[in-house]
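A short write-up of the structure that comes next.
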Amino acid sequence: MNSFDEHDAFAAAVPLSQRAMAARPTPYLDDLNPAQREAVLALDGPVLMLAGAGTGKTKALTARIVHLLTTGRARPNEILAVTFTNKAAREMKDRVGRMLGQVEGLQWMGTFHSISVKILRRHAELVGLKSNFTILDTDDQLRLLKQLIVAANIDEKRWPARMLAGLIDGWKNRAWTPAKVPASEASAYNNRGTELYEQYQDRLKALNATDFGDLLLHVVTIFQAHPDVLAQYQRWLKFILVDEYQDTNVAQYLWLRLLAQAHKNICCVGDDDQSIYGWRGAEVGNILRFEKDFPGAVVIRLEQNYRSTPHILAAASGIIAANANRLGKTLWTERDEGEKVRLIGHWDGEEEARWIGDEVEALQKGTRRIDPQGLDSMAILVRASHQMRAFEDRFLTIGLPYRVIGGPRFYERLEIRDAMAYFRLAVSPEDDLAFERVVNTPKRGLGDKAQQDIQREARAQGLPLLDGARALLARGAIGGKGAGQLRAFVEGMDRWHRVTHQQGHNHIALAETILEESGYTAMWQQDKTPEAPGRLENLKELVKALEQFENLQGFLEHVSLIMENETEEAAQKVSIMTLHAAKGLEFPVVFLPGWEDGLFPSQRSMDESGLKGLEEERRLAYVGITRAEVLCTVSFAANRRVYGQWQSALPSRFIDELPADHVDVLTPPGLYGGGFGAAGMASAMDARVASADVYNSPGWKRMQDRAATRPVSQPRETRHVTIDLDAVSSFTLGDRVFHVKFGYGAVVAIEGDKLDVDFEQAGLKKIVARFVVAAAAADDVPF
DNA sequence: ACTCCGCATTTTTTT
DNA sequence: AATGCGGAGT
């Protein structure tokens, strides 16, 4: 039975239950507000649902699907519903299931990538692949590129493989096959980018492999070159729904447009203010241009927010208003006013982590104005993943349970990738990349020399590496102790491969056998490094994950697309994640640390993409604030350790953009949360705290008490310095001239245009972090 | 063939 | 601070 029959056979089986559904009432509509209802009922042409944060777009999207099904307009397998993450797809499926009972056959609901794989497996031969092609991850991709770079005699130091990978990725995102890369890109990668791109694609084809970008690009290529295939899908997929449309790239846009061309029934949901994947090729332009791309489109705005309090909403709106390029919408809510967004400055990143840890505990106990909060309801959202460490460190020392979301991904771990390579090789013995990865892992005495021999032999005979190795062994051309071990390896692979073909074999047992007999498990058992036990744990988890699949093939196919760590523990924990990972989530309590210029907005983003980059950073700020339901706290630190170096910074420019009426500037806790907060605020927030009587504030007293019980590691110096604000660009201390790059710190009081800094009272550790010394010896501090 | 050590480079975000 | 690489040494 070919795949077309499969689809139609399934379609024929559906109508019965369809009729049953049609008789049901429509409670899903009663639940919606007018705008949402309109979005559900506009079924005659293209629809753009502009859904701001927290406006119930998933609800509307789900209702639309339910509506299509209940009214019998579409069978489950005629609905194409595309999301960006597996999680979002799962959630949508769950919600539809909850409303209609388990719905069978929503087979076209998934991510762009997973749906593309499904399509590509059916038509792989049209782009020169076999339907059992493998999907390379970044690591494999990089190794492949490195080989090509070396072969092309390019100095990999000056022209790193990562750069080429990024370049190719960008081209694929724009749906450029090697032939279509415009001449203007010719200079890329030392004039050899396009050439290498072509070689890379050839190599992938030879390996029967694709990378992530290919999944989409190949499908687009097939659709463009084979109208009959396209027509087939257009016939099947009568209704298209797209989530997070603002994050689509050119390839995804073409993919959608080709499919929607015939019936034009496409409903895209998105929020231009939440487009945060520009660096991945996302084109905000896609959503801004929707009405032009799909003539006759209905645009519906969802503006009632059900998530956040008015203060939080106003703060977010205030920030995003500074962006020029947006469709614009006004979010409103009926919720109670609630707390203002809190803003606080800290002396350094460690103090920030301490303070947030304390806050979390206080909120948990209910010693704040809002109700006691479970740890699950709190999240810390950071700009860059390295910021998470400070929180992990702190939370570990105070014993606060936390979970890191989107950390180093399970399936990207060394041991998991090794194990997977074994599985891949057992399933498809021609998987050369897998072979390369594991021939000598664990060590089998096969060094560069032996591996090169295998490569040469395989190439000479046009065989996969595994067979090349076999041939060498047969000829007795492999010397020494490597030979015996290689033979065992090859024979093991043959054995395991045969098992994969046995009907009804136990794939879990097989996986265990492979890891056992190959000596892989033993390798880690003998390893004495501290991380070895954890790795063995992970391998166990990997085997456990197999239970959800019927065989190794099925598992491997999914794993390459599932990048999320799926383990959901029941225990209450604070979540720590990046802002990017937080999109689509919501939490009653949100902390947004690290709002310092250069870190957030990220310097690199601004350098590389200028105003466009800054606007994307601003959208990221918007996403962050709008995650919060009742309490949102923004913070920054005057000093932060970056790559082991202390650096100082100014509060983020986004802090200036927070509307003062909706922000509570917290009194700096004193001592280590020194006056920088006050000073920074003074400029940022209209001098409102300039006169704050820090010494008499409860916060100061609390900090003094705390200082007694929690000593600082760094010694404190006593020094009184007065800096003239007018001459703040440079000043002299002793016989050295200091140039002030960033603003002032540790302000205890502002008097006229002088800064009076009492280092003893402010508890300063050292001042190097705040002034950049002109001389090279920056760490030689005179204070 | 493999291990160890010193030097260099690095990090924004991820399907 | 942490990792990766190349080269020297075993």
Side-chain angles (χ1 to χ4, degrees), chain A residues 82-89 110-117 135-138 141-142 146 156-158 160-162 165-166 169 172-173 210-217 243-244 247-249 251-252 255 275-282 381-390 393 405-409 411-412 414 440-452 479-482 485 529 559-565 577-584 594 598-609 613 616-617 619-621 623-624 640-647:
Chain A
V82 206
T83 60
F84 270 85
T85 63
N86 293 295
K87 201 163 142 205
T111 63
F112 274 104
H113 292 88
S114 68
I115 293 171
S116 294
V117 172
I135 304 164
L136 304 190
D137 58 25
T138 337
Q141 195 185 351
L142 235 42
K146 267 182 200 160
E156 211 222 303
K157 276 268 143 62
R158 282 197 50 200
R162 293 189 65 98
D169 211 46
K172 288 185 175 175
N173 285 337
T210 68
D211 63 17
F212 260 95
D214 276 343
L215 296 177
L216 290 153
L217 184 52
D243 196 10
E244 308 278 15
D247 286 332
T248 49
N249 60 35
Q252 286 157 339
W255 192 101
S275 166
I276 55 176
Y277 284 104
W279 48 272
R280 205 168 75 187
L381 312 182
V382 297
R383 174 65 243 271
S385 48
H386 65 75
Q387 289 172 261
M388 299 199 280
R389 234 197 110 132
D393 284 354
I405 296 182
R409 266 164 268 297
Y411 291 108
E412 283 172 12
L414 179 81
N440 205 27
T441 316
K443 301 274 181 287
R444 295 195 175 85
L446 300 162
D448 284 351
K449 171 86 165 51
Q451 294 195 41
Q452 271 168 23
K481 40 192 169 199
Q485 299 213 54
T529 52
V559 156
S560 41
L561 297 174
I562 298 172
M563 287 304 189
E564 294 142 35
N565 198 345
M577 68 187 95
T578 63
L579 287 162
H580 284 88
K583 192 159 79 151
L599 180 59
F600 187 45
S602 134
Q603 194 57 49
R604 183 155 164 186
S605 177
M606 292 187 293
D607 288 349
E608 282 174 10
S609 317
E616 181 152 317
E617 295 288 307
R619 291 193 290 268
L620 216 37
V623 167
R640 194 175 290 283
R641 216 203 302 254
V642 184
Y643 307 143
Q645 296 281 323
W646 280 101
Q647 285 182 15

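What's counted below: heavy atoms across the whole structure, side chains too, no hydrogens, waters or symmetry copies. Throughout, protein chains are lettered first and strands after them, A, B, ... in sequence-line order, and every chain is numbered starting at 1.
Proximity of A/Ser602 to the phosphate of B/dT13: no side-chain N or O atom is located under 4.0 Å from OP1 or OP2. When the side-chain nitrogen and oxygen atoms of A/Arg389 are compared with OP1 and OP2 of C/dA2, one or more of them lie within a distance under 4.0 Å. In terms of phosphate contacts, A/Lys172 brings no side-chain nitrogen or oxygen within less than 4.0 Å of OP1 or OP2 of B/dT15.
A distance cut-off of 5.5 Å between ring centres, combined with a plane angle under 30°, leaves A/Tyr277 outside any stacking arrangement with the base of B/dT14. Stacking of A/Trp279 onto the six-membered ring of B/dT13 is present: less than 5.5 angstrom between centres, less than 30° between planes.
Looking at heavy atoms from C-beta onward, A/Val623 lies in side-chain contact with A/Ile276 at the 4.5 angstrom threshold.
Going from atom CD of A/Gln603 over to atom P of B/dT11 covers 16 Å, rounded to whole Å. A/Ile135 places its CD1 atom 16 Å from the C1' atom of B/dT14, with the value rounded to the nearest Å. A/His580 places its NE2 atom 8 Å from the C1' atom of B/dT14, with the value rounded to the nearest Å.
Looking at heavy-atom distances under 4.0 Å, A/Ser605 makes contact with a base. When heavy atoms are screened at a 4.0 angstrom cut-off, A/Asn440 is found touching the sugar-phosphate backbone but no base atom.
Using modelled atom types, no side-chain atom of A/Gln141 and backbone atom of A/Leu136 make a donor-acceptor pair closer than 3.5 Å. A donor-acceptor pair is defined here as one N or O able to donate and one able to accept, closer than 3.5 Å; no such pair exists between the side chain of A/Glu617 and the backbone of A/Phe600. Listed for the A/Asp211 side chain is a donor-acceptor partner under 3.5 Å among the backbone atoms of A/Asp214.
Taking the P atom of each, B/dT13 and C/dG4 are spaced 16 Å apart, rounded to whole Å.
Comparing A/Arg444 and A/Glu617, the nucleotide of DNA chain B nearest to each residue sits closer to the 5' end for A/Arg444.
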